[in-house]
Colleague: 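Right, I'll just put the structure down here and ask away after.
These numbers come from a predicted model, not from an experiment.
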Amino acid sequence: MKKTLLSFGLLATSLIFAQSQQVIGEFPTMDGGMEAQTATTTIPGMSSNSANNFTEWTVSGTSATSIGKRSIINNAATARTGNKFGVIALASDPATTSTNCRLQAPANPTGNLLQYNQDYVVQFYYKTSVDPSILGENGENVVTGALYPGGVSYGSANTRSTTAHIADTWVKYTEIVSGVTPGSSTNTNTASFASVRLAVATTKTYSADVNVDDFVVYTGNTIDNTAPNAATAGTYNTSGTIGWTAPSGGVDGGGYVVVKYASMPAANDDPNQNGIYQVGNTVTGSVSGTVVYIGTATTFNDTYTSGTYYKIYAVDKAFNYADELIVSDATLGISKNQIEGLNIYPNPAKDYITVESKSVKISSVAMYNLLGAQVISEKALINSRLNVSGLAKGIYMLKVNAEGASTTKKIVIE
């Protein structure tokens, strides 16, 4: 992701991994990343009028004649995000078995999670070996979303959108579901849940396994593919508190995800877009990181260890990730005092940068690239100017030292 701000501060290493499921988003009870689930080859069933199993993913039935597979798999190498994902498959013979089943998200145990007469967007990723796009019972995909407020069947889907199928590759699915109307006045169903539904035309067969991960539901009739603005102004204090400022415009029903790295991550070492993580999950890349915070607060505490990097992401209700804010002491050192009256311009720059202060004498300056390598070092500036004409276009960090204080500023070279 493109960098929007690079700052430095006191960082952290160990966090008690107490969070067990997504704690941001509009409906966190659904555990859309399945990280809080217990690995099993027999996901339990939940009838449509049951008030039980609210913390578990369930299936619409448990008969082996209708469901060929119903598993929660713990395998970070196969999961799209985090460590766990769901698998469901229909039995192979539609002539003698049911042609549809559901993989059902947990619900709110204190009341209906989903509301009647409300539009929702259902979003998830699935992976399967056989293209399901032309086998559905109503001409749609075999794999679709479904909503059941009060146990009532879902409303009509106004818009369905699926990334082009590639065998055994995670595909994004989104669906706008129009308002669900209540059932009869005698309807006593208490279950309220969302699901991934497999529904095959009676003249077809579809026995391929369908893997499911990163399941999200949010209110509205517009699919949200726009991330929030980035968080800004990373800070620290000597007690090990890392903080930041909420982005302009807020986080649109979401919160923040923070990933810790033991060395400088590359620009594209990021969480999966729309990915739902748990604290302790690994974010893989050229440098792998660990998710250490998920929540809505703009601060968290940890114990300082030198040489670590944190990427702070603003995340919205659809789990769109903003550009990251990086906080680190690993390259630039810890500075408790900022230089007063410092003026650095222009920014962006092309040939020269002016670095001046009316209150103190500048003792040295240094430039670093985003890999942490020092690319310029000067003990004395001529006419307060630093020559940057030899640098490639991109984002750099300029560290200025003066009389026991230092300031670091992001510089864009055009």
Colleague: For Pro247, does its backbone N or O pair with a side-chain atom of Asn229 as donor and acceptor, under 3.5 Å?
Modeller: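 Judged by distance alone, no pair lies under 3.5 Å.
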Colleague: Just by modelled atom types, is the Asn83 backbone N or O under 3.5 Å from a matching donor or acceptor in the Glu35 side chain?
Modeller: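 It does hold such a pair.
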Colleague: For the residue pair Tyr148 and Ser195, what are the closest heavy atoms and their distance?
Modeller: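 Shortest heavy-atom separation between Tyr148 and Ser195 comes out as CE1-OG, 4.0 Å.
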Colleague: Just by distance, do the side chain of Ser389 and the backbone of Asn387 share a donor-acceptor pair under 3.5 Å?
Modeller: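 Checking the backbone N and O of Asn387 against the side chain of Ser389, no donor-acceptor pair under 3.5 Å is found.
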Colleague: Measuring only between side-chain heavy atoms, which start at C-beta, is Asp351 closer than 4.5 Å to Glu414?
Modeller: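 SC-SC contact between Asp351 and Glu414 ruled out.
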Colleague: Would Arg102 count as a cation-pi partner of Phe193, with NZ or CZ less than 6.0 Å from the six-membered ring centre and within 45° of the ring normal?
Modeller: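 No, a cation-pi geometry is absent between Arg102 and Phe193.
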Colleague: Tell me, with the steps shown, if Val251 and Val315 meet side chain to side chain contact (heavy atoms under 4.5 Å, CB included).
Modeller: CA-CA 6 Å; Val251 293; Val315 185; over 6 Å; no
Colleague: Is the backbone of Gly253 close enough, under 3.5 Å, to the side chain of Glu26 for a donor and an acceptor to pair up by distance?
Modeller: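 Pair absent, no side-chain N/O of Glu26 close to backbone of Gly253.
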Colleague: In Å, rounded to the nearest 0.5 Å, how long is the span from SG of Cys101 to CZ of Arg70?
Modeller: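 One gets 10.5 Å once the value is rounded to the nearest 0.5 Å.
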Colleague: Can you name the salt bridge (Lys or Arg N to Asp or Glu O under 4.0 Å) partners of Asp209, sequence neighbours left out?
Modeller: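 Asp209 satisfies salt bridge (Lys or Arg N to Asp or Glu O under 4.0 Å) with Lys69 once adjacent residues are dropped.
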Colleague: Do Asp270 and Tyr313 come within less than 4.5 Å of each other through their side chains, counting heavy atoms only?
Modeller: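 Answer yes - side chains close enough.
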Colleague: Ignoring hydrogens and geometry beyond distance, is a side-chain donor-acceptor pair present between Gln104 and Thr58 at under 3.5 Å?
Modeller: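 Side chains of Gln104 and Thr58: pair found under 3.5 Å.
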Colleague: May I ask you to decide if Thr42's main-chain N or O and Thr40's side chain share a donor-acceptor pair within less than 3.5 Å?
Modeller: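 The answer is yes, because a donor-acceptor pair under 3.5 Å joins these two groups.
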Colleague: Would you confirm whether Gln37, through its side chain, and Thr55, through its main-chain N or O, come within 3.5 Å as a donor-acceptor pair?
Modeller: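 The answer is yes, because a donor-acceptor pair under 3.5 Å joins these two groups.
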Colleague: Are Ile88 and Tyr126 packed together at the side-chain level, in the sense that at least one heavy-atom pair is separated by less than 4.5 angstrom?
Modeller: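 Ile88 does not reach Tyr126 side chain to side chain.
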Colleague: Who are the salt bridge (Lys or Arg N to Asp or Glu O under 4.0 Å) partners of Lys317, not counting sequence neighbours?
Modeller: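 Result, salt bridge (Lys or Arg N to Asp or Glu O under 4.0 Å) vs Lys317: Asp224, Asp252.
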Colleague: Around atom CG of Asn75, are there more than 12 heavy atoms from other residues, nucleotides or ligands closer than 6.0 Å?
Modeller: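 Counting other residues, nucleotides and ligands, CG of Asn75 exceeds 12 neighbours.
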Colleague: With Arg197 as reference, evaluate Val122, Asn100, Val142 under the side chain to side chain contact (heavy atoms under 4.5 Å, CB included) test and give the passing residue.
Modeller: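 Exactly one option meets the side chain to side chain contact (heavy atoms under 4.5 Å, CB included) with Arg197, and it is Asn100.
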Colleague: Can you find a heavy atom in the side chain of Trp57 that is under 4.5 Å from one in the side chain of Met34?
Modeller: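 Answer yes - side chains close enough.
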Colleague: Considering all heavy atoms of both residues, which atom of Tyr218 and which atom of Ala318 are nearest to each other, and what is their separation?
Modeller: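 Looking at all heavy atoms of both residues, the shortest contact is CE2-CB, 3.5 Å.
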Colleague: Quick one: does any side-chain atom of Asn347 pair with a main-chain N or O of Lys410 as donor and acceptor, under 3.5 Å?
Modeller: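 Flag set: sc Asn347 to bb Lys410 pair under 3.5 Å.
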Colleague: Go through Met30 and Val217 one step at a time and tell me if the side chain to side chain contact (heavy atoms under 4.5 Å, CB included) criterion holds.
Modeller: CA-CA 9 Å; Met30 289 185 182; Val217 175; 3.8 Å; yes
Colleague: Judged by modelled atom types alone, do Asn281 and Lys84 share a side-chain donor-acceptor pair under 3.5 Å?
Modeller: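 No, no side-chain donor-acceptor pair sits under 3.5 Å.
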Colleague: Do Tyr173 and Val143 make a side-chain contact, defined as non-hydrogen atoms from C-beta onward lying under 4.5 Å apart?
Modeller: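 No, every pair of side-chain atoms sits at 4.5 Å or beyond.
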Colleague: Looking at CG of Asn401 and CD1 of Ile362, how far apart are the two atoms once the value is rounded to the nearest 0.5 Å?
Modeller: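 Spacing of CG (Asn401) from CD1 (Ile362) equals 8.5 Å.
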Colleague: Could you measure the distance from the CZ atom of Phe215 to the CD atom of Gln123? Nearest 0.5 Å is fine.
Modeller: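 Answer rounded to 0.5 Å: 10.0 Å.
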Colleague: So, for Val212 and Phe124, which heavy atoms are closest and what is the spacing to 0.1 Å?
Modeller: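 Residues Val212 and Phe124, closest heavy atoms: CG1-CD1, 4.5 Å.
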Colleague: Can you measure from CD1 (Ile411) to CD1 (Ile344) and round to the nearest 0.5 angstrom?
Modeller: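 Here the interatomic distance stands at 5.5 Å.
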Colleague: Is any side-chain heavy atom of Asn272 closer than 4.5 Å to a side-chain heavy atom of Tyr321?
Modeller: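 With C-beta onward as the side chain, the pair stays apart.
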Colleague: Identify the two heavy atoms, one from Ala208 and one from Ser129, that lie closest to each other, and give their separation to 0.1 Å.
Modeller: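 Smallest interatomic distance, heavy atoms only, reads CB-OG, 3.8 Å.
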Colleague: So, do Ile376 and Leu391 sit near enough that their side-chain heavy atoms are less than 4.5 Å apart?
Modeller: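 Counting from C-beta outward, Ile376 and Leu391 do come under 4.5 Å.
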Colleague: Identify the heavy atoms of Val258 and Tyr310 that sit nearest to each other, and give their distance.
Modeller: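 Minimum heavy-atom separation between Val258 and Tyr310: CG1-CD2, 3.3 Å.
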Colleague: Just how far is it from atom CG of Leu147 to atom CD of Gln118, taken to the nearest 0.5 Å?
Modeller: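 The CD atom of Gln118 is 10.5 Å from CG of Leu147, to the nearest 0.5 Å.
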Colleague: Let's go through Ile353 and Tyr345 carefully: what are the C-alpha distance in whole Å and the side-chain angles of both, what is the deciding distance for side chain to side chain contact (heavy atoms under 4.5 Å, CB included) to 0.1 Å, and is it a yes or a no?
Modeller: CA-CA 6 Å; Ile353 296 172; Tyr345 63 91; over 6 Å; no
Colleague: Can you tell me if Ser178 and Tyr120 form a side-chain donor-acceptor pair at under 3.5 Å?
Modeller: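 Ser178 vs Tyr120: no donor-acceptor pair found between side chains.
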Colleague: Is it the case that the side chain of Trp170 and the backbone of Asn211 share a donor-acceptor pair, with hydrogens and angles ignored and the cut-off at 3.5 Å?
Modeller: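 No, because the side chain of Trp170 does not come within donor-acceptor range (under 3.5 Å) of the backbone of Asn211.
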Colleague: Any ion pair linking Asp168 and Lys127 (charged N to carboxylate O, less than 4.0 Å)?
Modeller: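 No, no charged N to carboxylate O under 4.0 Å.
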Colleague: Could you grab the distance from atom OH of Tyr277 to atom OG1 of Thr282, nearest 0.5 Å is fine?
Modeller: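 Spacing of OH (Tyr277) from OG1 (Thr282) equals 10.0 Å.
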Colleague: Has the side chain of Glu175 got a donor or acceptor atom that lies under 3.5 Å from a matching backbone atom of Gly145?
Modeller: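 Yes, Glu175 side chain to Gly145 backbone: donor-acceptor pair under 3.5 Å.
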Colleague: Below 4.5 Å, heavy atoms only, C-beta onward: do Asp119 and Val177 meet side chain to side chain?
Modeller: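 Side-chain contact under 4.5 Å: no.
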Colleague: Applying side chain to side chain contact (heavy atoms under 4.5 Å, CB included), run through Ile43 and Leu103 and close with a yes or a no.
Modeller: CA-CA 9 Å; Ile43 295 174; Leu103 179 61; 3.7 Å; yes
Colleague: Determine the minimum heavy-atom distance between Asp269 and Tyr261, stating which atoms define it.
Modeller: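 Closest heavy-atom pair between Asp269 and Tyr261: O-OH, 2.9 Å.
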Colleague: Pairing donors with acceptors under 3.5 angstrom, does anything connect the side chains of Asn320 and Asn274?
Modeller: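 The answer is yes; a qualifying pair exists.
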Colleague: Does the Asp316 side chain pair with the main chain of Phe319, one donor and one acceptor, at a distance under 3.5 Å?
Modeller: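 Here the side-chain-to-backbone pair exists.
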Colleague: Output all residues satisfying ring-ring contact (aromatic ring centres under 6.0 Å, His included) with Tyr256, sequence neighbours left out; order by chain, then residue number.
Modeller: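 Partners of Tyr256 by the ring-ring contact (aromatic ring centres under 6.0 Å, His included) criterion, ordered by chain and then number, come out as Trp244.
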